[in-house]
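Below is one structure, written out as structure tokens; comments come after it.
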Amino acid sequence: MSDFSRRLIAWQHKHGRHDLPWSGADPYRVWLSEIMLQQTQVATVVGYFERFLVRFPDIAALAAASQEDVLALWSGLGYYARARNLHRAARIVMEQYGGQFPRQPEQIQQLPGIGRSTAAAIAAFCFNARSPILDGNVKRVFARQFGMDGDPAARATEERMWQTAQALLPAAAAMPRYTQALMDLGATLCTRSRPRCDQCPVAASCVARAENRVAELPSPRARRVKPNKSARYLLAWRGDEVFLEIRPPAGIWGGLLVPPEIPPDAVAADWCRRELGLNVAFERELAPLRHVFTHFVLDMRALVCRVQGSANLAAEAHGRWVKAGQLAGAALPAPVRLLLDAALSSARRADSDIAE
DNA sequence: AAATCGTGGAA
DNA sequence: TTTCCAAGATT
């Protein structure tokens, strides 16, 4: 075992994180936590993790659920393909592995939504497998500790880091603590800004520190300009129900419930009658909402309308009516939830104005 | 191989 | 306000 690994393991024992809800848990919980933690901070995940487990306490419960119910528990967490893949994988575990989570990293990685690093993490935590992780924490730690230049996302850089990671692995029995140590070091000491090098267990061997390059490593990722998009949504209310469509599986917000999007050049009422068979009366337009994604900016506008009449069978081929009281537990993207909340609170204000 | 896929926290 | 990016995977 390397000196680097030995120091990390000892440090984790004394100063690492030991109170995370998924630490030392069964494979299902470790798996769930690893998926939720992909590109997502611990503080954001904890609440989602607890709620998800209450609703789906084991793999069998998850496999038996509908995709929409799974997405509802994921609503607001983002990267919804993670939830769809998790759900698919649960069914595979039930059917192909008899409900027992596979133990080999190669088998684990075959499951949808699980790549090399996530498979390694699960295998190391749950089965002491000697498989290395390479996440954002490890890339940052390695870039500094070993003075590794280059875009951490570039293939060449990644390949060097995978080799380094493999070479540093301790004995099997130490794999859970070592894997956790790498994550803890990156998350608590070797942070992106203002790293706490004075407390670092491997500061003495750190190349970046010796060369005074801590601030410039890892190299910043190449950034691109975000295109600006805009969308107009139809919030069609029928009593206390609003009409929502299920997004296609590919693309943004796949599988989630979203109001119909009106083409930019269409007259809302005409389009609505033609496409959905709904007769609507325009009520008001909400204040525009700007939502920033990783790769584009979306300016959202929403037209609040009221449905005239009651027979709307044509609409139900495209989507569903959802009661206002059901929205809290529905599979909505975060900005759509904001829009619907805004529509409801402005409606309440209008009602109280009338009452006065 | 480069693009796509969310959201919110931190500086 | 802007910028960066977090326990990455998929195509």
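Remember, it's a predicted structure, so these values are computed and weren't measured experimentally. Within every chain, numbering begins at 1; the chains are lettered A, B, ... in the order of the sequence lines, protein sequences first and strands thereafter.
- Contact annotation: A:Gln39 reaches the phosphate of C:dG8 (side-chain N/O to OP1 or OP2, under 4.0 Å).
- With ring centers used as reference points, A:Phe146 lies under 6.0 Å from A:Phe142.
- Annotation: A:His13, atom NE2; neighbour count of heavy atoms from other residues, nucleotides and ligands within 6.0 Å does not exceed 12.
- Summarising the local packing, CG of A:Asp270 is surrounded by more than 12 heavy atoms from other residues, nucleotides or ligands at distances under 6.0 Å.
- In this structure, CG of A:Leu298 is placed 12 Å from P of B:dG6, rounded to the nearest angstrom.
- Computed from coordinates, the A:Arg247 CZ to B:dG6 P distance equals 10 Å when rounded to whole Å.
- Closest heavy-atom contact between A:His87 and A:Leu62: CD2-O, 3.3 Å.
- You'll find that the side chain of A:Ile252 is closest to B:dC5, out of C:dA7, B:dC5, C:dC4.
- Taking atom C1' on both C:dT1 and B:dG8, the two are 16 Å apart, rounded to the nearest angstrom.
- The interatomic distance linking A:Trp31 (CH2) with C:dA9 (C1') rounds to 15 Å, in whole Å.
- Which of C:dA7, B:dG6, B:dT7 sits closest to the side chain of A:Tyr79 comes down to B:dG6.
- Nucleotide C:dA7 holds its C1' atom 13 Å from the CG atom of A:Leu32, rounded to whole Å.
- Where A:Ala43 and A:Gly254 meet DNA chain B, the nucleotide closest to each residue was compared, and A:Gly254 sits on the side nearer the 5' end.
- Between A:His291 and B:dG6 there is no side-chain N or O to OP1 or OP2 distance below 4.0 Å.
- Contact annotation for A:Trp74: no contact, since no heavy-atom pair falls under 4.0 Å across all strands.
- Evaluation of atom-type donor-acceptor distances gives a pair under 3.5 Å for the side chain of A:Arg17 against the base of C:dA7.
- Straight-line distance from the CD1 atom of A:Ile133 to the P atom of C:dA9: 11 Å, rounded to whole Å.
- A donor N or O paired with an acceptor N or O is found under 3.5 Å between the base of B:dG6 and the side-chain atoms of A:Thr294.
- Using a 30° and 60° split on the angle between ring planes, A:Trp22 and A:Phe49 fall in the perpendicular class, above 60°.
- Regarding A:Lys226, its NZ atom lies at a distance of 14 Å from the P atom of B:dG6, rounded to whole Å.
- One P atom belongs to C:dA7, the other to B:dA3, and the distance between them is 24 Å to the nearest Å.
- Spacing between atom CG of A:Leu86 and atom P of C:dG8 amounts to 16 Å, rounded to whole angstrom units.
- At C:dT1, none of the side-chain N or O atoms of A:Arg290 fall inside 4.0 Å of OP1 or OP2 (strictly under the cut-off).
- The number of heavy atoms from other shown groups lying within 6.0 Å of CZ (A:Arg7) does not exceed 12.
- When the nucleotides B:dA11, B:dT7, C:dA9 are ranked by their closest atom to the side chain of A:Ser193, B:dA11 comes out on top.
- Toward the 5′ end of DNA chain C lies the nearest nucleotide of A:Ser219, the other residue of the pair A:Ser219 and A:Leu111 mapping further downstream.
- Using a 4.0 Å cutoff on non-hydrogen atoms, the parts of residues 151-190 of chain A near DNA chain C are A:Gln180, A:Met183, ordered by number.
- The side chain of A:Asn85 has C:dT10 as its nearest neighbour among C:dT10, C:dG8, C:dA7.
- Atom OH in A:Tyr48 sits roughly 17 Å away from atom P in C:dA7 (whole-Å rounding).
- No more than 12 heavy atoms of other residues, nucleotides or ligands sit less than 6.0 Å from atom CD of A:Gln100.
- Taking the side chain of A:Phe296 as heavy atoms from C-beta on, and the options B:dT7, B:dC5, C:dG8, the nearest nucleotide is B:dC5.
- Among the protein residues, A:Ala334 comes within range of the sugar-phosphate backbone only, with heavy atoms under 4.0 Å from sugar or phosphate atoms but none that close to a base.
- A:Val42 comes within 4.0 angstrom of a base, heavy atoms only.
- Side-chain atoms of A:Thr40 and base atoms of B:dG8 include no donor and acceptor less than 3.5 Å apart.
- Counting any heavy atom pair closer than 4.0 Å across all strands shown, A:Val292 reaches a base atom.
- Of the candidates B:dG6, C:dA7, C:dT10, B:dG6 carries the atom nearest the A:Arg82 side chain, counting heavy atoms from C-beta on.
- Among the nucleotides B:dT4, B:dG9, C:dA9, the one closest to any side-chain atom of A:His295 is B:dT4.
- At B:dT7, one or more side-chain N or O atoms of A:Trp253 fall inside 4.0 Å of OP1 or OP2 (strictly under the cut-off).
- A side-chain donor-acceptor contact under 3.5 Å links A:Arg84 to the backbone of A:Pro249.
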What side-chain donor-acceptor pairs closer than 3.5 Å can you find for residues 180-196 of chain A, not counting sequence neighbours?
| residue | atom | partner | partner atom | Å |
| --- | --- | --- | --- | --- |
| A:Gln180 | NE2 | A:Asp184 | OD1 | 2.8 |
| A:Asp184 | OD1 | A:Arg17 | NE | 2.8 |
| A:Asp184 | OD1 | A:Arg17 | NH2 | 2.9 |
| A:Asp184 | OD2 | A:Gln12 | NE2 | 2.9 |
| A:Asp184 | OD2 | A:Arg17 | N | 2.8 |
| A:Thr188 | OG1 | A:Asp184 | O | 2.7 |
| A:Thr191 | OG1 | A:Ser193 | O | 2.9 |
| A:Arg196 | NH1 | A:Thr188 | O | 3.3 |

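- Along DNA chain B, the nucleotide closest to A:Arg224 and the one closest to A:Ala81 are compared, and the more 5′ of them pairs with A:Arg224.
- Here the side chain of A:Arg192 is nearest to one of C:dC4, B:dC5, C:dA9, namely C:dC4.
- Other residues, nucleotides and ligands contribute over 12 non-hydrogen atoms within 6.0 Å of the NZ atom of A:Lys226.
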